[in-house]
Peer 1: 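After the structure tokens below, expect a handful of questions from me.
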Amino acid sequence: MSEPKPRIVVTRRLPEAVEAALSERFEAVLNPSDTQMEAGALAEAFAGADAVLCTVGDRIDAAAIGAAPRAKMVATFSVGTNHIDLEACRAAGLRVSSTPGVLTDATADIALSLILMAMRRCGEGERMVRAGAWRGWTPTQLLGRDPTGATLGIVGMGRIGRATAARAHHGFGMKILYANRSEVDPGMPAERRELPELMAQADVISVHAPASPENRGLISAELIARMKPEAYLINTARGDVVDEPALIAALQAGRIAGAGLDVFAQEPQVPEALRALETVVLLPHLGSATRATREAMGMKCLDNLAAFFDGRALPDAVV
Ligand code: DGY
């Protein structure tokens, strides 16, 4: 008799091709309703799991881990791991994998979209047209700023930071400043700055720092206060890397020109104060949301799970 297949609990719907491949290789317990699993449902689903395939919407904390006594691995369908208590995983002897590399371009594309939308006031224009409020072309309507030739400050020069810088520099002739723990070779002219200096010098600042505990509130009220009044803040990393209330206060007071946000501190809640601001472009965490990227992310989860259960090294080990 053949060995039973490892049981993988999958917390959300995944692209069809990924669910099919997972079901072929494992006993995949899928989530056909695609609803977010609250703590109770998560605990119930995890009870018999040999591994868990989770997403950024799940909270994999000590309680969730405790509810999965059989589980040996967590494969997260994300590059970020801030939704997982990595220490608790270590303590429980759980391996953790993520999906680096495959979402770099898609996320950099969204960062660039936010830069363009914020600087050229596309959200405001779109809302005006949809509301039937457009009364025709005028020479002074919705005047924005030119991304071309502007100075872009990249906070966190990892893969996505570098890909955003490349698009901005090669596509729009933007001057690139970056703040990063170490000097990197971005493959283009770029000057390293201390973060406070970068905040004061850039016309648009794009945040790409990971949501580690030490980066919580990294873009603080003090740093936001250093921004030029005509500057924009873009965030495609994680909401809690930016002091959200301080950003809202700066925007409400008109102390900075605008913001483009794909991520929020308490997703999916987006503060009413942000939604009320015309100068902010808001997206629902779309960074990696292309079909090809999401399939590649799923296949990475599958590869890591297969490696683990075959006794091979994890290609994308976090823990
Ligand atoms: C990630 O992978 O961490 C993104 O935020 C979701 O794709």
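Any value given below was found using the heavy atoms of this structure, including those in side chains, with hydrogens, waters and symmetry copies removed. Read the numbers this way: they start at 1 and go in the same order the structure lists the ligands and their atoms.
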Peer 1: Quick one: does Asn31's side chain have a donor or acceptor within less than 3.5 Å of a partner on Thr11's backbone?
Peer 2: yes

Peer 1: I want to check something: taking the side chain as every heavy atom from C-beta on, are Ile176 and Pro189 in contact at a cut-off of under 4.5 Å?
Peer 2: no

Peer 1: Quick one, Glu230 with Arg145, criterion salt bridge (Lys or Arg N to Asp or Glu O under 4.0 Å). Give me CA distance, side-chain angles, the key distance, then yes/no.
Peer 2: CA-CA 9 Å; Glu230 64 276 15; Arg145 288 201 62 204; 5.1 Å; no

Peer 1: Which one of Asp34, Thr35, Asp58 satisfies the side-chain hydrogen bond (donor to acceptor under 3.5 Å, both in side chains) criterion with Arg12?
Peer 2: Asp34

Peer 1: What I want to check is whether the side chains of Asn82 and Arg238 have a donor and an acceptor closer together than 3.5 Å.
Peer 2: yes

Peer 1: Could you verify whether a donor N or O on one side chain and an acceptor N or O on the other, from Ser206 and His208, lie under 3.5 Å apart?
Peer 2: yes

Peer 1: Hey, what polar pairs (N/O, under 3.5 Å) does ligand 1 make with protein?
Peer 2:
unit_1, atom_1, unit_2, atom_2, d
ligand 1, 2 (O), Val79, N, 2.7
ligand 1, 3 (O), Val79, N, 3.4
ligand 1, 3 (O), Gly80, N, 2.8
ligand 1, 3 (O), Arg238, NH2, 2.7
ligand 1, 5 (O), Arg238, NH1, 2.7
ligand 1, 5 (O), Arg238, NH2, 3.3
ligand 1, 5 (O), His285, NE2, 2.7
ligand 1, 7 (O), Ser288, OG, 2.6

